[in-house]
Amino acid sequence: MLGKGVVGGGGGTKAPKPSFVSYVRPEEIHTNEKEVTEKEVTLHLLPGEQLLCEASTVLKYVQEDSCQRGIYGKLVCTDFKIAFLGDDDSALDNDETQFKNKVIGENDITLHCVDQIYGVFDEKKKTLFGQLKKYPEKLIIHCKDLRVFHFCLRYTKEEEVKRIVSGIIHHTQAPKLLKRLFLFSYAAAAQNHAATDPRNHTVMFDTLKDWCWELERTKGSVKYKAVSVNEGYKVCERLPAYFVVPTPLPEEDLSRFQGHGIPLWCWSCHNGCALLKMSALPKKEQDDGLSQMQKSFLDGIYKTIHRPPYEIVKTEDLSSNFLSLQDIQTAYSKFKQLFLIDNSTEFWDTDIKWFSLLESSSWLDIIRRCLKKAIEITECLEAQNVNVLLLEENASDLCCLVSSLVQVMMDPHCRTRIGFQSLVQKEWIMGGHSFLDRCNHLRQSDKEEVPVFLLFLDCVWQLVHQHPPAFDFTETYLTVLSDSLYIPIFSTFFFNSPHQKDNVGRESQDTQSKPLNLLTVWDWSVQFEPKAQMLLKNPLYVEKPKLDKGQRKGMRFKGPQGRGGRFSSWFSLFPASWTRTALSSGTAWPEHQRQLSLPLTQSKSSPKRGFFREETDHLIKNLLGKRISKLINSSDELHDNLREFYDSWHSKPTDYHGLLLPHIEGPEIKVWAQRYLRWIPEAQILGGGRAATVSKLLEMMEEVERLQEKIDARPHGQGALLAEAPLLLRGSARLSALFPFALLQRHPSKPVLPTSGWKALGDEEDLAKREDEFVDLGDV
C-alpha cells in the first residue's frame, strides 16, 4: 500500500477516506516495468551537466489528488537539477503548452531552487538534513518558487533510495564553494553555444561610457561627473569600477575611507534635483582620534552637496527608521508557508484562516511601507525640489530597493523593459547587492538569506497591477525574472559584487585558453522561444505619442508605429480607475476564501474547529470594517504635506508617461497571485481573472483598429501588431486566471461539507460565492 498522504494543517472536515489507497498493486509494477521504461522521457543534459545519481520506479504524486494517484518514472539528480522522468498522460498537448522554459522543464528543480526537503516516516513528516540512519518512504521537496513535489519511494530498490535521497540532500543543502557552482561548468562547456540577442540593448553599466550616457539621459551631467578612480577596484572592492559623484567632490576624497561616506549618484529629476546614496563609515570604538577625523570628513562632504539656497539635501537614514532585514526575512518566512500546500485537504483546512494568516505574516504591510517610503522621497524630489541622500550601512540592500522604486515611479524610461533591466543593472548589480548571500546560493548562512530583490519585484508588481498601461512589460515578465534568481547558468544573480564576478573571470582566464563567457539573464532567448517571449510584452502598453510639427497645436495626434501606437490614444481615454478595476477583476469567482488583499482581517480565530460555522460570525463582524483601521489609519500614516501631495496626484487623470504613484491603502496592496498561487490547482479560476479580461480588451482593440483603418482608408496589412498578441490569449474561456503558468488545470476537488456549513454563509455575497447545487453530499 502507498499509505496515506502527508498530514495536513489539521482542523476542518476532511474528505472521506477512499475504500482503497493505491490504484496500482505492487505485482503490477514488475509486470509493466518494461512498458514504463519504454515510455520514459529522455534526460536532457545541458553543456557541462553531469548525472550524479538516479532511482527507478518512483511515483510522483498528483498534488491535488487526495487519493494519492500519480505517475511512475525515474528520479535523477545532476549537478544542475533534480528531474523526474515519467510518462505523464495528463500533461497538456504541445500545442497548448506554448509557454515553455527551454532550460527548466515542468518536472525539473534546479539545486538552488530547493528550499526544504522532508521525509515521511510512518505517516510523520520530518525535515531531512545531514546523514540519515533511516530513509523515508516518501520524499517531499518545497521549492523557492513555491512548487511542492511529492515522491513515493515505497517500490524503489533500497540501495537506489539511499543514493538518491543522500545525493539530493548533499547537493542541495551542503555548503558550497563559489568556484564549484554549475555556472562555471556550463560557461566552460558552452563557449560555442552562447546565445546572444541582438535586440537586447540593456545598459550594463560596466563601462564609463554607460554612466556618461545615463547622466546625459537624465540631464544630470551639469552637477555630477562619472569617475574611473576605482578601475581595477583599487579604491574599494564593494563599489563598481565606474560610478558618478557630485562634480565639486575632490577625487582624493573618494579613497580616504575605501569608498565609505561618499555620496553616490543614483538619478536626476527633471527639475535638477538628484537622488543620492551613501554607505556609513566603519565604526571604530575606543578611537576618538579616528572618530573626530571621520566627523570632519563627513562635514566636508556634506558642505559640498548641501549649499543652501542653491543645493539643499535631505538625508534619509534607512538603517534606523525604516525596515530591518530581519523584519523582511521573518515576514517572508511566514508568508511563503501560506502557499507551500501539500494537498487539497490542507488547502481547505487552512482556507478559513486565510485572512488571519495573511495579516499575521505582515508581508503586505512591509510592501506598503516600502511604497510609502518611495512616495515620501518622490515628494521631496518632485514637490519640495530638494536632493535626497539615502543612508545605509553598506548602501546595498534597502538603498537599492528604495532608489529603484523611486525611479520606477518617476522615470517612464524605467517602465519599459529595456529601461527596467538597465535599472536593475545599475542599482542592484553594480550597486553591490549581495545576491549570492541574500539568495543563499552557497548554503553557507541561512541568517543572510533575505528576499530583498523579491520584495522589490513585489512592489513593482503592485504598480503594474494598479497601472497596467504604464508598463511595457507584464506580470509574467516579473514572475519569470523572480524564477531566474535560481537558474545557475546566468551570472546576473550569482555574485555579491562586480569585483567578485571580475575576479572569478580573471582566475578562469589563467586556467583556460580564453575567458569564460558568462550569460546574462536579460537574453530571454536562452529561456524562451519568440512566441513565448510575446507574453513578456504588454499589449496594452500606452506608448508616448509623438506629434508631427503640423499637429502640435491641433487636437489629433499621430501615434508612433509599433506596439500600442495605434490604440494608445483610444486606451488612454478610459480613466485609470476603470483600467485598474477592469484588469484586476475577473469574469468568474473562486470557490475559496483567498481574497488577494486585506480589506477585512479576521479576529482571533475561534478555538472550535468548524469549517465555517464559528468563524463566520467573526468574518461578518469584520465586514463592518472593525479592524480595517489597523491598515488604513496606521501609526505611520502620511503626514500633512505628503497626504496633500498623494491626494492631489490621485485626484487628477493619470499621465502614464509622467509621475506614477501607487494606492497604498490597505485593500489596494494585494497578493501577487500569479507568482504565489500558480501551482495550487484549487486557487485557479478557469475562464476568469486577469487573463480573460485582457483577452476581451484585445478583441475590443482589434475591432477599434479595424474601424480606424476603414476611416483612414489604410491597407489592412499595416495593422498587424495586435495579431502578434499571443494566440494563447484567444478563447479566454479555456484559460486559468493564473495564465500562462496554469492553462487547462482540472477542476479542484471541493471539500465535502455538511449542509449546515453552507447555510452558515447566509446570503453574504461578499463572503464567498459558492455553487451549493454542485456539492456532492452522497457520502456524508
Side-chain angles (χ1 to χ4, degrees), residues 1-10 14-15 17-18 20-26 28-30 36 53-77 81-88 90 106-109 111 113-144 146-173 337 339-347 349-350 679-681 749:
M1 294 175 63
L2 294 179
K4 192 178 171 184
V6 176
V7 178
K14 296 186 178 180
K17 200 170 184 179
F20 62 96
V21 180
S22 173
Y23 284 93
V24 182
R25 294 190 302 274
E28 289 182 334
I29 296 173
H30 304 289
V36 171
C53 51
E54 60 183 307
S56 302
T57 324
V58 175
L59 177 66
K60 176 181 175 287
Y61 287 136
V62 178
Q63 183 181 346
E64 72 268 24
D65 196 332
S66 60
C67 295
Q68 300 284 290
R69 290 176 295 187
I71 308 151
Y72 276 101
K74 183 184 292 185
L75 185 62
V76 303
C77 179
K81 65 177 180 285
I82 302 165
F84 178 78
L85 311 175
D87 178 34
D88 187 358
S90 64
E106 181 183 357
N107 291 319
D108 294 346
I109 315 166
L111 300 182
C113 192
V114 174
D115 190 11
Q116 292 289 339
I117 301 175
Y118 300 94
V120 177
F121 303 85
D122 300 324
E123 309 299 333
K124 294 182 179 179
K125 177 179 166 183
K126 298 180 180 179
T127 305
L128 301 183
F129 55 88
Q131 294 290 330
L132 301 181
K133 296 180 180 179
K134 182 181 178 182
Y135 289 86
E137 58 200 37
K138 295 179 186 176
L139 192 66
I140 303 174
I141 300 177
H142 286 186
C143 304
K144 293 182 179 180
L146 305 181
R147 289 180 295 169
V148 177
F149 288 87
H150 293 247
F151 300 105
C152 176
L153 307 173
R154 285 275 182 88
Y155 303 113
T156 308
K157 294 178 181 178
E158 185 177 350
E159 287 302 316
E160 291 186 358
V161 171
K162 291 180 180 179
R163 281 198 298 269
I164 194 67
V165 173
S166 299
I168 288 174
I169 293 174
H170 174 75
H171 292 289
T172 59
Q173 297 188 352
Q337 295 304 320
F339 311 101
L340 293 168
I341 303 296
D342 281 344
N343 49 54
S344 294
T345 302
E346 183 178 342
F347 177 89
D349 283 350
T350 58
W679 312 122
I680 303 177
S749 303

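- Across all non-hydrogen atoms, the minimal contact from Glu346 to Leu340 is OE2-O, 4.0 Å.
- Closest approach of Phe84 to Tyr72, counting heavy atoms only: CZ-C, 3.8 Å.
- Atom OG1 of Thr127 sits about 9.0 Å away from atom CD of Gln173, to the nearest 0.5 Å.
- Heavy atoms only, all atoms of each residue included: Leu128 and Gly119 are closest at CG-N, 3.4 Å.
- Only one option out of Asn107, Leu75, Ile82, Leu139 pairs with Phe149 in a side-chain contact (heavy atoms from CB on, under 4.5 Å); it is Asn107.
- The closest donor-acceptor contact from the side chain of Thr156 to the backbone of Thr57 lies under 3.5 Å.
- With rounding to the nearest 0.5 angstrom, the NE2 atom of His142 is 9.0 Å from the CD1 atom of Ile341.
- Contact detail for Ile140 and Lys125: the closest heavy-atom pair is CD1-CD, 4.3 Å.
- In terms of heavy-atom proximity, Leu111 sits nearest to Cys77 at CD2-SG, 4.3 Å.
- Closest of all the heavy-atom pairs between Cys53 and Gly167 is SG-CA, 4.1 Å.
- Here the NZ atom belonging to Lys134 is positioned 13.0 Å from the NZ atom belonging to Lys162, to the nearest 0.5 angstrom.
- Inter-residue side-chain proximity for Glu137 and Leu153 is flagged as unmet; no heavy-atom pair is nearer than 4.5 Å.
- Side-chain contact check for Pro136 versus Val120: every heavy-atom pair is 4.5 Å or farther apart.
- Under a 3.5 Å cut-off, the side chain of His150 and the backbone N or O of Asp342 do form a donor-acceptor pair.
- When the side-chain hydrogen bond (donor to acceptor under 3.5 Å, both in side chains) test is applied to Tyr135, the partners found at least two apart in sequence or on another chain are Ser166.
- Residue Phe129 qualifies as open at atom CZ: its count of foreign heavy atoms under 6.0 Å is 12 or below.
- Under the side-chain hydrogen bond (donor to acceptor under 3.5 Å, both in side chains) criterion, His171 pairs with no residue at all, not counting sequence neighbours.
- When the side-chain hydrogen bond (donor to acceptor under 3.5 Å, both in side chains) test is applied to Glu54, the partners found at least two apart in sequence or on another chain are Lys74.
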